[in-house]
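Residue numbers count from 1 along this sequence. If you're wondering where the values come from, they're calculated on a predicted model, not measured in any experiment. Just so you know, ligand 1 is whichever comes first in the structure, and atom 1 is the first atom listed for that ligand.
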Amino acid sequence: MKVKRIAVIGAGVSGLGAIKSCLEEGLEPICFEKSSDIGGLWRYEETPESGHPGIYKSLICNTSKEMTAFSDYPIPDHYPNYMHNSKLMEYLRMYTRHFGLLKHIQFQTKVCSVRKRPDFSSSGQWDVVVEADGKKKTYIFDGVMVCSGYYNEKYMPLQDFEGIEKFQGRYLHSWEYKHPESFVGKRVVVIGIGNSGADVAGEISRVAEQVFLSTRRGSWIWHRVWDNGNPLDTALFTRYNQVLQKFCPTFMINRWAENKLNARFNHANYGLQAKHRYLSHQLTFGDDLPNYIITGKLLMKANVKEFTETSAIFEDGTEERIDVVIFATGYTFSFPFLEDEPAILDSQQSMFKFVFPPLLEKPTLAFIGILQPMGATIPTSEIQSRWVTRVFTGLKKLPSGSDMMADINKRKRITAKQFLESPRDARRVQFIDYMDEIGSELGVKPNLLSLFLWDTKLAKEIFWGPCTAYQYRLQGPGKWPGARAAILTQRERILKPLRTRVLKHPEASSSSLFWVKSACAVLFLFVPILVILQMMYH
Ligand SMILES: Cc1cc2nc3c(=O)[nH]c(=O)nc-3n(C[C@H](O)[C@H](O)[C@H](O)COP(=O)(O)OP(=O)(O)OC[C@H]3O[C@@H](n4cnc5c(N)ncnc54)[C@H](O)[C@@H]3O)c2cc1C
Ligand SMILES: *[C@@H]1O[C@H](CO)[C@@H](O)[C@H](O)[C@H]1NC(C)=O
């Protein structure tokens, strides 16, 4: 069989997984990366470059290491659960080295255009024009994987803010924000309560004279350190919870979660009360946010109505003198290299499982990582790539165009019902649901029933434990012999970096533990029932 050549556009986390998946399937990838290094968003740069994703110096992952890892390459056990961006970069470099990906990447090479070849309907091939050192070069590829990212262009809706042109202070987008030094003693308003807004406002509030955090609709605030000190995602993203969610009506989940988050601090009292329910919009990570608010360093404010030369006037009529405005208003993205293919760009809003444009004559173009998982990106991008490379080799078939359209429309209807109308929400997926969905296409979704019969120990961890990506390497294409051990040792890797002070008696004696365990088992059986009863009669 002829080895197929595949173009991978971008060497961020999605691109790296794509190269690896191509190699796994015997394809021949060439990755084009316009910058001079791997990592994409995760590579910290002191001066941001237009069109390149940017992060601030202190950024820490909001997904924990076991949930974030590639499915066949666990993050070293001594790494912290929530990694600083530089640590994640280290991991990406290790991954790249381990699987020999570097030799497949051409750096400082920008993809300028991707166009169907004249015989596309029979060959499915693409002309890819790239530019390096000011010279253009055309390649022919059998398949293209677009991994160019989701956070490339800052979104700054200045038109919504009357008087901003009069404002004499400084204003910037959170994309340009790097560290808090230049805000010492300043009065700052941060607009937007996404993860970046909350993070940046908090960090600046430690050194600024006063920080105001302005939000239109508020947000539900969650925190990395969950019950018992477990990383939030490892505690919540379990198959057990997934089953509970399927059986519990939405209002019950909303109520449970909102009560839980309000128990930490009352969102209404703290000016954070959201207009939406818990499940219908993205949450914000704000581990320290209530601390900054309760110490008065950071004050919550309504939307800014207008700016004057020296101040911001908020919708509630209050006015505050300010020196700096930071727009944490998010990002947009585009695929300028596909402009010659308007039909594909149009269908961008509606791709089959966010990956394949449904109406191409041949399924030789795929988008990786253009979605908003409620959970980590590396595993969702990786499983997309594993599926795509199987389709490229011809070992997996896609449904017909009309079946794909039907699937897309069905998803649209469900999403519209579940989430608020915002472009970002249109691409929101539940982590386990999406992993299972693509995993089923690929034939790697773990079969719990047979596991319970043949490997109860493993099945228990898969069901009750965090739904880590190793689960999708137990069987089928890309099976990894280390997967079982990786799952059974994941809790050790979570605890290892915490246990830096050696304790003499780390655990209770075994006999008392037995009773604790039995009590827990009984509770686990009855809690769901109790919860339902309580809700019904409350
Ligand atoms: C502030 C912030 C925090 C986040 N935290 C987390 C987190 O904790 N956990 C998590 O899972 N996700 C997180 N995310 C989501 C994040 O988007 C993903 O983790 C991940 O970085 C996406 O990687 P990517 O490879 O898809 O895109 P990118 O990282 O954007 O990489 C795209 C690459 O493509 C290159 N490129 C683009 N266009 C071209 C072209 N025409 N030619 C050649 N090369 C091109 C770019 O130079 C870049 O290197 C966060 C996002 C943000 C903004
Ligand atoms: C982590 O932060 C990014 C950037 O704000 C966001 O897109 C993503 O949804 C967050 N992850 C989770 C699990 O909330």
Ligand 2 contact by Gly375, heavy-atom criterion under 4.0 angstrom |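 Checking ligand 2 against Gly375, which is what was asked, there is a heavy-atom contact under 4.0 Å.
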
Can Phe285 be said to touch ligand 2, with heavy atoms closer than 4.0 Å?
->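 In this structure, Phe285 qualifies as a contact of ligand 2 - some heavy atom is under 4.0 Å.
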
Quick one: is the NZ or CZ of [X] closer than 6.0 Å to the six-membered ring centre of [Y], and within 45° of its axis?
X	Y	value
Lys260	Trp222	no
Arg239	Phe463	no
Lys178	Tyr56	no

Between [X] and ligand 1, is there a nitrogen or oxygen pair with a distance under 3.5 Å?
X	value
Val111	yes
Thr377	yes
Lys110	no
Ser14	yes
Ser381	no
Tyr151	no
Tyr150	no
Val13	yes

Element-labelled atoms of ligand 1 that are located less than 4.0 Å from some non-hydrogen atom of [X]:
X	result
His52	47 (O)
Leu41	16 (C), 21 (O), 28 (P), 29 (O), 50 (C), 51 (C), 52 (C), 53 (C)
Gly40	29 (O), 31 (O), 48 (C), 49 (O)
Ala376	11 (O)
Cys147	32 (C), 33 (C), 34 (O)
Cys61	8 (O)

Can the ring centroids of [X] and [Y] be said to lie less than 6.0 angstrom from one another?
X	Y	value
Phe183	Tyr177	yes
Phe161	Phe327	yes
Phe333	Phe335	yes
Trp42	Tyr91	no
Phe70	Tyr95	yes
Tyr331	Tyr155	no
Trp126	Phe141	no
His223	Phe285	no

So does [Y] get a backbone contact from the side chain of [X], meaning a donor-acceptor N/O pair under 3.5 Å?
X	Y	answer
Lys65	Tyr79	yes
Arg411	Lys353	no
Asn262	His267	yes

Taking heavy atoms and a distance under 4.0 Å, where does [X] meet ligand 1: side chain, backbone, both or neither?
X	value
Phe337	side chain
Arg43	neither
Pro53	side chain

Salt-bridged, [X] to [Y], with N to O below 4.0 Å?
X	Y	answer
Glu176	Arg170	no
Asp127	Arg117	yes
Lys20	Glu24	yes

Can you list the atoms of ligand 2 that are under 4.0 Å from a heavy atom of Gln372?
->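 Per the distance check, 6 (C), 7 (O), 8 (C), 9 (O).
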
Just which atoms of ligand 2 are under 4.0 Å from any heavy atom in Gln282?
->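 Per the distance check, 6 (C), 7 (O), 8 (C), 9 (O).
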
Short N or O distance, [X] and ligand 2, threshold 3.5 Å exclusive:
X	value
Asn62	yes
Thr63	no
Ser196	no

What class does the angle between the rings of Phe99 and Tyr73 fall in, given that below 30° is parallel, 30 to 60° is tilted and above 60° is perpendicular?
->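 Rings of Phe99 and Tyr73: perpendicular, as their planes differ by over 60°.
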
Identity and separation of the nearest protein heavy atom to [atom]:
atom	result
atom 38 (N) of ligand 1	Ser148 CB, 3.6 Å
atom 3 (C) of ligand 1	Leu59 CD2, 4.0 Å
atom 47 (O) of ligand 1	Glu33 OE2, 2.7 Å
atom 36 (N) of ligand 1	Lys34 CE, 4.0 Å
atom 9 (N) of ligand 1	Thr63 OG1, 2.8 Å
atom 13 (C) of ligand 1	Trp42 CZ2, 3.8 Å
atom 34 (O) of ligand 1	Gly10 CA, 3.2 Å
atom 27 (O) of ligand 1	Gly149 CA, 3.2 Å

Atom CD1 in Ile105, atom CD1 in Ile19: separation rounded to 0.5 Å?
->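 Going from the CD1 atom of Ile105 to the CD1 atom of Ile19 covers 4.0 Å.
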
Enter the distance from Arg390:CZ to Glu441:CD here, rounded to the nearest 0.5 Å.
->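 Answer rounded to 0.5 Å: 13.0 Å.
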
How does Tyr151 reach ligand 2, by side chain, by backbone, by both or by neither, if only non-hydrogen atoms under 4.0 Å count?
->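 The answer is the side chain of Tyr151.
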
From the candidates Gly12, Ala7, Ser36, the one that places a heavy atom nearest atom 31 (O) of ligand 1 |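 Answer by nearest heavy atom: Gly12.
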
Does some non-hydrogen atom of Thr109 fall short of 4.0 Å from ligand 1?
->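 Within the 4.0 Å threshold, so yes.
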
Is ligand 1 less than 4.0 angstrom away from at least one heavy atom of Thr68?
->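 No, Thr68 has no heavy atoms under 4.0 Å from ligand 1.
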
